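These notes concern the structure reproduced below.
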2 protein chains.
Amino acid sequence: MLARELDARKQQILWAVIREYVARAEPVASEALCQRYGLGVSAATIRNGMHALTEMGYLCQPHTSAGRVPTDRAYRLYVDWLMAGHPSAGVEQRLSAAERERIRRRMQSKDHPEDALAEAVQTLASLTDYPSVASTPGGPRRLQHLHLVPLSDQRALLVVVAEGAVDQRVVRLQRPATEDELRQVSQLLTRALAGLPVSDITDGVAERIAAALPDQRELVTAVVAQLRRYGGLRTGVRFFVEGVSNILKQPEFQDVRRAHPVLAALDREEVLRDVLLPAPPDVHVRIGRENPVDEMRSCSVVAAAYRVRGRTVGVVGVVGPTRMPYARTIALVRYLAQALSQTLSYGV
Amino acid sequence: MLARELDARKQQILWAVIREYVARAEPVASEALCQRYGLGVSAATIRNGMHALTEMGYLCQPHTSAGRVPTDRAYRLYVDWLMAGHPSAGVEQRLSAAERERIRRRMQSKDHPEDALAEAVQTLASLTDYPSVASTPGGPRRLQHLHLVPLSDQRALLVVVAEGAVDQRVVRLQRPATEDELRQVSQLLTRALAGLPVSDITDGVAERIAAALPDQRELVTAVVAQLRRYGGLRTGVRFFVEGVSNILKQPEFQDVRRAHPVLAALDREEVLRDVLLPAPPDVHVRIGRENPVDEMRSCSVVAAAYRVRGRTVGVVGVVGPTRMPYARTIALVRYLAQALSQTLSYGV
DNA sequence: GCCTAGCACTCGAGCGCCTAGAGTGCTAAC
DNA sequence: GTTAGCACTCTAGGCGCTCGAGTGCTAGGC
């Protein structure tokens with residue numbers, strides 16, 4: 001099957017230009033394609049094809065006497081083609097068994113969800129050589145357990161266990177509470193709230209629970225207030241980032257004026273949010289101008305959701321130049337999301 | 001009082017060159033000093049002084065017909081001068097009341113130690129415009145509380161409360177345990193271990209405790225094993241980093257080949273460890289070649305310890321070019337470490 | 001004896017010019 | 001429809017030049 005609009009030769013040429021440009025980061029000449037790819041025709045013929053592809057918006061020329069560079073549109077066509085399951089013109093998009101094994105080994109036996117996320121972004125960054133990002137588990141998680149641990153007379157620690165995540169908050173006590181009292185409240189709250197999506201907890205709920213234990217009204221209210229802050233879908237999500245400086249290895253970012261906006265954007269949480277979320281069902285690729293954030297228009301983002309026991313809770317992905325070996329990057333991100341899902345589902 | 005070796009005039013000139021170079025990032029000419037600083041002598045005289053300072057190793061020249069640039073040695077002299085409590089040649093090193101107030105407000109009411117650290121590095125990065133780093137609380141903390149929370153039949157969550165830090169680990173259960181059993185073990189362990197420095201916990205301790213509750217030997221052993229992993233002084237410390245891309249705003253890092261090693265180093269935990277730790281008693285300044293890590297030799301690090309209830313547990317600081325307004329940076333880092341100490345001592 | 005004005009000297013930044021080479025687009029022939 | 005040939009275009013980079021900044025030195029002044 002052919003990509004829409006393109007005849008077999010044009011597609012061959014376009015895929016070849018993409019491969020060559022991804023490999024060398026320099027405008028691709030007709031002669032070079034002729035030599036290195038067995039297209040069976042002369043450079044002149046390839047030139048004709050490249051000319052047509054330029055008119056169609058798939059290629060562009062930095063200047064008259066330069067070779068061709070693929071446009072965002074070309075990458076989009078290519079990625080759609082890959083995602084539709086087509087073999088990728090000689091590029092192996094599956095990972096080797098050895099690679100899978102290595103990834104799996106790195107990811108397993110992380111007892112702490114945050115360790116697992118840290119390991120995931122480290123692995124991804126080292127395998128792709130791109131900045132890698134993961135969001136902490138978020139979304140409508142169901143609460144499993146609450147625990148209050150005494151810290152001092154004025155403070156207790158609230159441990160929240162929800163699907164795929166554990167977190168803690170300090171709760172201020174209006175008056176000293178014994179360990180027994182804390183346990184009592186913990187049990188009451190756990191019984192009342194377990195199974196509820198964290199985001200569903202409202203002040204009304206607090207009232208109802210407090211009614212069952214009027215003595216501890218303030219404490220219950222304080223705990224629920226903390227839960228609401230914690231559960232607010234947005235506020236809870238943080239990001240693990242690794243290998244930001246990798247972007248400076250890319251030839252397109254040798255100029256600081258190009259690199260700086262991207263690096264600055266990667267420093268900002270709200271940018272990561274906009275670029276990565278919402279979690280896509282499968283691997284998601286955003287190419288150049290498709291990105292919602294201006295500073296990222298010179299980059300591509302490849303991201304995949306990870307799951308805890310089947311429920312999508314976060315995203316992991318990479319940010320690289322639009323000139324990117326998409327087949328391999330997609331395969332890596334997809335596999336890493338799987339491995340991470342497995343580790344997290346096991347672990348907590 | 002004068003800095004050793006330098007007469008009054010030379011010192012005046014050197015301080016002026018430093019101020020001027022810090023402000024403009026370009027080699028400083030004798031004429032410029034003459035115009036902008038009331039030194040009361042002509043450019044020719046200043047040239048004589050600059051010549052001498054060059055011979056003494058405090059200034060250098062990019063080339064014959066250029067102005068002078070301060071060396072690391074000059075900054076060291078200047079910083080020692082500042083740290084000895086001398087007024088800093090017209091530069092205000094104290095923070096204004098308004099600034100103090102703003103910082104204090106940003107830092108207060110962070111219920112979660114990690115939130116406080118995150119806020120600290122964000123504040124520091126935005127005030128200095130340099131990459132900012134903080135280590136998580138570490139060192140010989142005394143254990144305060146242990147708590148086991150049930151997760152599933154095969155797993156329990158171990159919540160560790162120690163001075164200035166709370167953390168959690170998953171413990172695998174050999175056989176299902178009831179909530180009561182977990183509580184019993186928690187209490188036993190807390191009673192046995194509270195007050196002990198986390199790093200002092202050994203397998204021998206586990207044996208002794210387990211003897212008191214033979215039924216739960218495996219669980220006790222598993223918990224202690226996790227504590228040892230956690231308590232290993234080195235492994236526990238992580239770093240919060242913010243504003244890494246700020247380094248690209250500096251003129252000395254406009255060349256990617258200069259900027260990349262620094263950014264890559266800031267991505268690596270062991271580098272941060274070497275550069276920031278051990279925590280200094282007061283503010284500590286490492287200038288250029290004084291840094292233990294090669295990639296950081298073009299940078300200066302200003303760092304200060306923060307404390308939890310009087311005990312030094314971590315470091316917070318910035319990384320910038322050697323050309324840095326030291327008086328202000330030192331004041332900011334010092335104040336931020338104080339504010340952070342206060343927040344953490346209050347909070348947990 | 002220290003300071004200063006004057007001046008010759010050095011060096012880099014920036015500009016214009018030039019050439020070599022890469023790669024195209026077109027045309028005419030197969 | 002394909003190809004060889006060729007004229008055309010545009011960039012990268014080397015060279016030489018000038019300009020200006022800033023110094024170091026020296027001779028004269030307070």
Side-chain angles (χ1 to χ4, degrees), chain A residues 2 6-14 16-21 23-71 74 251-252 254-255, chain B residues 2 6-14 16-21 23-71 74 251-252 254-255:
Chain A
L2 295 175
L6 298 188
D7 60 40
R9 154 122 3 114
K10 289 210 186 62
Q11 182 174 305
Q12 262 191 316
I13 294 176
L14 187 53
V17 172
I18 291 177
R19 279 183 66 184
E20 190 68 5
Y21 185 65
R24 306 193 182 235
E26 270 168 21
V28 180
S30 53
E31 196 66 48
L33 290 190
C34 205
Q35 279 169 25
R36 283 190 277 268
Y37 299 78
L39 299 180
V41 288
S42 78
T45 309
I46 293 177
R47 275 205 287 284
N48 285 331
M50 290 167 88
H51 187 76
L53 286 165
T54 306
E55 301 250 294
M56 296 164 81
Y58 291 112
L59 294 176
C60 68
Q61 265 180 307
H63 56 84
T64 326
S65 75
R68 297 310 211 287
V69 172
T71 60
E252 34 272 270
Q254 284 314 298
D255 183 347
Chain B
L2 295 174
L6 298 188
D7 61 37
R9 156 124 0 113
K10 290 211 186 63
Q11 182 175 304
Q12 262 192 316
I13 294 176
L14 187 52
V17 171
I18 291 177
R19 278 183 66 184
E20 190 69 5
Y21 185 65
R24 306 196 184 232
E26 269 169 21
V28 180
S30 53
E31 196 65 52
L33 291 191
C34 203
Q35 281 169 25
R36 283 190 277 268
Y37 298 78
L39 298 180
V41 288
S42 79
T45 309
I46 293 177
R47 274 206 288 283
N48 284 331
M50 289 168 87
H51 187 74
L53 286 165
T54 305
E55 301 250 295
M56 297 166 80
Y58 290 112
L59 294 177
C60 68
Q61 264 180 310
H63 56 86
T64 325
S65 75
R68 297 309 209 288
V69 172
T71 60
E252 34 272 269
Q254 285 313 297
D255 183 346

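All values reported here derive from a predicted model rather than from experimental measurement. Throughout, protein chains are lettered first and strands after them, A, B, ... in sequence-line order, and every chain is numbered starting at 1.
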- The side chain to side chain contact (heavy atoms under 4.5 Å, CB included) partners of T64(A) (sequence neighbours excluded) come to none
- Message: List the residues meeting side-chain hydrogen bond (donor to acceptor under 3.5 Å, both in side chains) with Y21(B), not counting sequence neighbours, and say none if there are none.
- Response: none
- Residues in residues 25-36 of chain A with a heavy atom under 4.0 Å of DNA chain C, by number, are V28(A), A29(A), S30(A)
- Calculate the interatomic distance between H51(B) atom NE2 and dC3(C) atom P; express it in whole Å. 16 Å
- Does Q12(A) have any side-chain hydrogen bond (donor to acceptor under 3.5 Å, both in side chains) partners at least two apart in sequence or in another chain, and if so, which? none
- Message: Using every non-hydrogen atom in the two residues, find where A52(A) and K10(A) come nearest and quote the distance to one decimal.
- Response: CB-CE, 3.4 Å
- Note on the structure: In whole angstroms, the gap separating C1' of dT23(D) from CG of L59(B) amounts to 14 Å
- Does OP1 or OP2 of dG25(C) have a side-chain N or O of R68(A) closer than 4.0 Å? yes
- Tell me, please, which residues at least two apart from S65(A) pass side chain to side chain contact (heavy atoms under 4.5 Å, CB included). H63(A)
- Could you state the atom-to-atom distance from CE of M50(A) to P of dG23(C) in whole Å? 10 Å
- Task: Please list, chain by chain and in numerical order, all residues satisfying side-chain hydrogen bond (donor to acceptor under 3.5 Å, both in side chains) with Q254(B), sequence neighbours excluded.
- Result: none
List the atom pairs, with distances to 0.1 Å, where a side-chain N or O of residues 25-35 of chain B and a protein N or O form a donor-acceptor pair under 3.5 Å, not counting sequence neighbours.
unit_1 : atom_1 : unit_2 : atom_2 : d
S30(B) : OG     : R47(B) : NH1    : 3.2

- Taking protein heavy atoms under 4.0 Å as touching, what does nucleotides 1-18 of chain D look like 5' to 3' if B marks base contact, S marks sugar-phosphate-only contact and - marks none? -SBBB---BBS-------
- By salt bridge (Lys or Arg N to Asp or Glu O under 4.0 Å), R9(B) pairs with (sequence neighbours left out) none
